[in-house]
K.L.:
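The structure that follows is given in the form of structure tokens.
Please read these numbers as outputs of a predicted model, since none were measured by experiment.
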Amino acid sequence: MTVDKPTFRVLGPLEVRLPGTAPRLGGPKPRMLLATLLLHANHTVGGDELAEVLWPGHRPRSTAANLRTYASALRAELGQAPARIRALGAGYAIELPPHELDLLLFDERVTAARECRARGRPDEAADLLARALALWQGVPLSDLPGSPLWDRRLERLAQARLRAAEDLVELLMAAGDYGEAVGELRALLADHPFREDLWRRLMLALHWSGRQGEALQAFAAIREHLVTELGVEPGPELRRAHEAVLAGEPPPRPPGPPGFPTASGSPGAASPHGASGLPADPVFPGDPALPGVPGLVVPRQLPPDLVDFTGRAAEVAALTRALAPGGVAVVTGPPGVGKTALAVRCAHAVREAYPHGQLFLSLGGTAQRNDAAQSNDTAQPRDTAQPGDTVSPVEPGELLAEALRALGAAEPLPPTVHERAALYRTLLAERPMLVVLDDAAGAAQVGPLLPGGGSAVVVTGRRRITELPGAARIDLDVLPQAEALGLLTAIVGAERLEREPEEAAAIVRACGRLPLAIRVAGARLAARPGWSPAVLRRRLDDETARLTELRAGDLEVRESFDRSYRLLPDDAARTFRALGLLGTRPLPGWVVDAVLDRHRSDDVTDVLVDANLLRPVGTDPLGQPRYRLPDLLRVDARDKAGEVDMPALARVVAGWTAAAEHATALLPTTVFRLTSPAARRWRLPEDALRRVAADPVSWFGAEHETLVEAVRLAAEAGLAGAAWGLAAALVPYFDLRCHLGPWEETHRVALEAARAAGDRAGEAAMLRGLGQVALYRDRYVQAAGMFRRSRVIFRTLGDVRGEAVSVCGLGAVGQFRGDQAAASRYFRRALGMFVSLDDRSGEAYARQALGRTCLSAGDLNGAADWLGGALRMARELGDAHREGCVSLQIGRLHDLAGETGRAMRAQGRALTIFEGFGDRHCAAYAMQGLGGLQAARGDWRHGSARLESSLAIFRQLGDRSGEAATRRLLGELHRSSGRRALARGYLHAVTSRRGGEDTAISHD
């Protein structure tokens, strides 16, 4: 056998072989980047997916830059390889010929083996399969840490390897090479010890190679495994094989005409087929072997193949493989995704294996019935589809009649479906054919059309059909970006698109990478040579007119969507329309409950998923299943909604608000939390609330982008109270994680909505939150103005707590400006308000703030009194975060008193608390203080390391004051140790003289 030496290997440990050199691929992350690209060779992998592989759950802020660095380094190392890594859109792809990657070479050989097998060349097929399997060197990428995003691809590879090995065994046994088949089967059983079909073949191969005793031992071994470990007896096929061994039944007779090896059956069973799987006595047109069926014809009904069919290599290989004699495959997917195109492409690929003919039946599973002739309704026709519109799939009896006529059956045909199906199966049993059943409504319609025997069937449908036993299922999604661009290029022409590649990519994205939409867009461009791609791109940018633009002749995306929409029950249709209004983010399943105002709406979700109008997109870190509408279907759903379903939208936002407040109550930073009494709450199912409570920080991490979009949607819909209530509920999480951008975005949007609605409470709450953001960003004048305006409104409304938190903001501004007297007045005023309300958390904060002002004024005794009281209250309340904040200030107090050891213990306690909460911002201030103290004691190495760590966090979070203070400490540290040039570099970069410790209090 020829020894293969592909440049890249992933079917085992990752390996790259270049002539004369061993490339240095770097550490795990560059290797995982290369491995991910190779797993999807010649396809673009999105930047988000690559980031999740390299940094699961905790990607750095500089993700894109790091990816560029790794990709550039790999390009340099792979310079001699016949492959190139390209940046395409927001992702990367590695482009290489199939023979340079073992994975592609494996697929190529397996596909070639299928073709040889179909053409009656079993020896060549066996050789190709053996060479394909020899490429495997172990578990794919076994030397790398792995990623959940690889799992689906690796699982498909493992299944492909198993199927190839099974095919090789079938070929060996059909050829009578039982000894070699035994070796292959034992290797397979090492990995799949409970596969009864493999044990059955092993028993028969041993028996037919003269090793009856070993065959019986094999049965005893598998029976013991099944009974001992699973508590079941061997199945009927395995028992029949055991009986055949005991009876000494001989192997099947040698094959007649070359072709497919038999895929089934018990040994010695009578069959009209030889061992090859083809009819022993084929019936040709006019053959009198079928009495009563004169003049049989050979139907050739396949539609023409698409000359510009693009991509789908894995799906083509899977479907072609499934169309072996006796195979049944089901291709499903959303409207316009190319199900029929794939089925026709693969049917043409294997048609030579079915010389008796190919049938193509359109089942009309989404066809609308025209009742005009049967109705006196004089209403004008509607422009859009309506749920519940009468849809008329073709009855099985009519389809069977069509098939029988195509086969030349004599009239009159049998009257019942049962009799027609029996005749249909009889005809195809004698003449195995390829049958394409297009646009199926469901399994009940398809069942009578399954011929059995050696015929192969491919079913296409928009609804998921899972009830057909043994059927291979292929679920199509939209095209990857590179393949989508390839399809547009095939239609329009490369020269025209290469002049404006960014516009072409934008057109494909606007089409949602949906093949039908890309065909329509391509047809429009091809028919308008005077248009540049930019013209069409601009027209498609407007979502409100996008589906109107995607129409060309008989091709229309909206009409294709309508055929699925008509089939929906009312609840599912209403949900579909409402989801179109809820933005682009994946949504948890409870959102459907809120839309319908009832819990346990899984039945409606399942209807939409089974109709391929809603896509499951995995689960979030808390285990909640998530769903999204594909891009163009979302546009269609929003168009169909017309007027916003205000009650449904209000309930969804109310659900987010209730969940966010439930999570917020469990966060450590809630002292400035403001709530909207008027905002509606919709209670989530108990299991969803339990997930929220189990890990509120992770819940916010999974949902905060969706929550930001929900604030915007509520504001745009005029739901001002809902918008600002949800925005306010997000503040503690944004504060904890220092997400100042989303914080400001949600508050500005909600502030505009509140002002437009005359909602004074909302205006005050949003001004207070925006003032806090301005404070964090060192915009003191802006912060003071917002705090003053919010204070006035809160006082007018009689909201004492709201006024108190605004006054605290004014106190912080005064302190940062160096006006400690003003700061002290504000904090004392806030303290009185908190005490009057018996708000002990607010009181603890005010006492800590007053202690801080005393520290800044040099009043150590006053600071000790205020901070001591704040620490006692924090501990009484069980408020560990407040305890950390107070400990930070107590550390400063001990430092100013010259008690360095006590100061370090207090700062260390604060750091431990903040790191436990995942509060990187406050932790950075604790690191800053602790690092400065360590350096002051002469521990230069640990002190500078802590200061550098805090500097990195401040830079990431955009805290300029904290960054400036840390740079100053590092500059002074290096200057005192004689590193004057390094010290100048740090001190030169200091742009602010504000104290870092003071800024720490603004975070809480």
Side-chain angles (χ1 to χ4, degrees), residues 568-611 613-629 634 637 645-667 670 673 675-711 713-714 717 719 721-723 725-730 732-733:
L568 295 178
D570 287 344
D571 276 354
R574 182 186 179 195
T575 300
F576 177 69
R577 296 192 302 270
L579 293 179
L581 301 170
L582 297 180
T584 60
R585 302 289 308 170
L587 299 168
W590 66 259
V591 167
V592 176
D593 293 350
V595 166
L596 299 174
D597 199 17
R598 61 183 173 91
H599 287 172
R600 302 190 64 81
S601 299
D602 293 346
D603 55 332
V604 176
T605 304
D606 289 344
V607 166
L608 291 170
V609 170
D610 289 343
L613 297 178
L614 186 67
R615 300 294 278 183
V617 288
T619 56
D620 61 26
L622 300 183
Q624 298 178 110
R626 302 186 80 81
Y627 305 90
R628 67 181 293 271
L629 292 176
R634 177 184 56 80
D645 186 344
M646 296 296 289
L649 178 58
R651 282 192 298 274
V652 172
V653 178
W656 285 124
T657 303
E661 290 180 342
H662 191 71
T664 292
L666 301 169
L667 293 182
T670 61
R673 182 177 61 162
T675 59
S676 168
R680 181 179 175 185
R681 278 77 173 170
W682 189 86
R683 186 171 178 82
L684 273 63
E686 290 300 326
D687 62 331
L689 289 175
R690 280 194 296 272
R691 291 191 184 98
V692 172
D695 192 348
V697 174
S698 293
W699 181 83
F700 270 120
E703 302 290 10
H704 74 271
E705 291 181 348
T706 306
L707 293 166
V708 168
E709 190 159 11
V711 172
L713 292 170
L719 300 171
L726 179 54
L730 297 175
Y733 173 72

K.L.:
Does anything in residues 585-605 form a ring-ring contact (aromatic ring centres under 6.0 Å, His included)? List the pairs, not counting sequence neighbours.
P.N.:
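Those involving residues 585-605 are Trp590-Trp656, His599-Trp682.
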K.L.:
How far apart are the C-alpha atoms of Phe576 and Leu629, what are their side-chain angles, what is the distance that settles it, and do they pass the side-chain contact (heavy atoms from CB on, under 4.5 Å) test?
P.N.:
CA-CA 9 Å; Phe576 177 69; Leu629 292 176; 3.9 Å; yes
K.L.:
Quick check against the 3.5 Å criterion: does Arg651 have a side-chain atom that pairs as donor or acceptor with the backbone of Val595?
P.N.:
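Yes; at least one donor-acceptor contact below 3.5 Å.
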K.L.:
What pair of heavy atoms forms the shortest contact from Leu649 to Ala717, and how long is it?
P.N.:
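The pair with the smallest heavy-atom distance is CD2-CB, 3.5 Å.
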K.L.:
Can you name the nearest heavy-atom pair linking Pro732 to Ala729, along with the distance?
P.N.:
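Smallest interatomic distance, heavy atoms only, reads CD-O, 3.5 Å.
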K.L.:
Determine whether Thr584 and Glu709 make a side-chain contact, defined as any pair of heavy atoms from C-beta on separated by less than 4.5 Å.
P.N.:
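Heavy-atom side-chain distance check passes, below 4.5 Å.
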K.L.:
Nearest 0.5 Å, please: how far is CD in Glu661 from CG in Leu666?
P.N.:
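Rounded to the nearest 0.5 Å, the CG-CD separation comes out at 12.0 Å.
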K.L.:
If the condition is side chain to side chain donor-acceptor pair (under 3.5 Å), which residues does Arg585 pass it with, not counting sequence neighbours?
P.N.:
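Once residues adjacent in sequence are excluded, the partners of Arg585 under the side chain to side chain donor-acceptor pair (under 3.5 Å) criterion are Glu705.
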K.L.:
Report the residue from Thr605, Leu587, Leu608 that forms a side chain to side chain contact (heavy atoms under 4.5 Å, CB included) with Tyr627.
P.N.:
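Per the side chain to side chain contact (heavy atoms under 4.5 Å, CB included) rule, the option paired with Tyr627 is Thr605, out of Thr605, Leu587, Leu608.
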K.L.:
Please give me the minimum heavy-atom distance between Val692 and Ala659, naming the atom from each residue.
P.N.:
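Closest approach of Val692 to Ala659: CG1-O, 3.9 Å.
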K.L.:
Leu568 versus Arg574: any side-chain heavy-atom pair under 4.5 Å?
P.N.:
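No, side chains not in contact.
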K.L.:
What's the shortest heavy-atom distance between Thr619 and Pro625, and which atoms?
P.N.:
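Heavy-atom minimum between the residues: CG2-CA, 3.9 Å.
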K.L.:
Are Leu719 and Met646 close enough, and set up right, to give a side-chain contact (heavy atoms from CB on, under 4.5 Å), and what steps lead you there?
P.N.:
CA-CA 9 Å; Leu719 300 171; Met646 296 296 289; 3.6 Å; yes
K.L.:
Decide yes or no for Leu579 and Val591: does some side-chain heavy atom of the first lie under 4.5 Å from some side-chain heavy atom of the second?
P.N.:
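Yes - at least one pair of side-chain heavy atoms lies under 4.5 Å apart.
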K.L.:
So do the side chains of Leu581 and Leu713 get within less than 4.5 Å of each other, counting heavy atoms only?
P.N.:
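Leu581 vs Leu713: side chains apart.
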K.L.:
Just jot down the ring-ring contact (aromatic ring centres under 6.0 Å, His included) partners of Tyr733, sequence neighbours excluded, or say none.
P.N.:
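ring-ring contact (aromatic ring centres under 6.0 Å, His included) check on Tyr733 returns Phe700, His704, His739.
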K.L.:
Could you tell me which non-hydrogen atom of Pro569 sits nearest to which non-hydrogen atom of Val607, and how far apart they are?
P.N.:
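Answer, listing the atom of Pro569 first, then Val607: CD-CG1, 3.9 Å.
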K.L.:
Distance from Asp593 atom CG to Asp602 atom CG, nearest 0.5 Å?
P.N.:
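One gets 7.0 Å once the value is rounded to the nearest 0.5 Å.
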K.L.:
Say you draw a straight line from CG of Leu707 to CG of Leu730; how long is it, rounded to the nearest 0.5 Å?
P.N.:
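Going from CG on Leu707 over to CG on Leu730, the span is 5.0 Å.
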K.L.:
His662 and side chain to side chain contact (heavy atoms under 4.5 Å, CB included): which single residue from Leu684, Thr657, Leu689 fits?
P.N.:
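Single pass found, and it is Leu689.
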K.L.:
What are the two closest heavy atoms between Ala637 and Gly580, and how far apart are they?
P.N.:
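In terms of heavy atoms, the two residues are closest at CB-CA, 3.7 Å.
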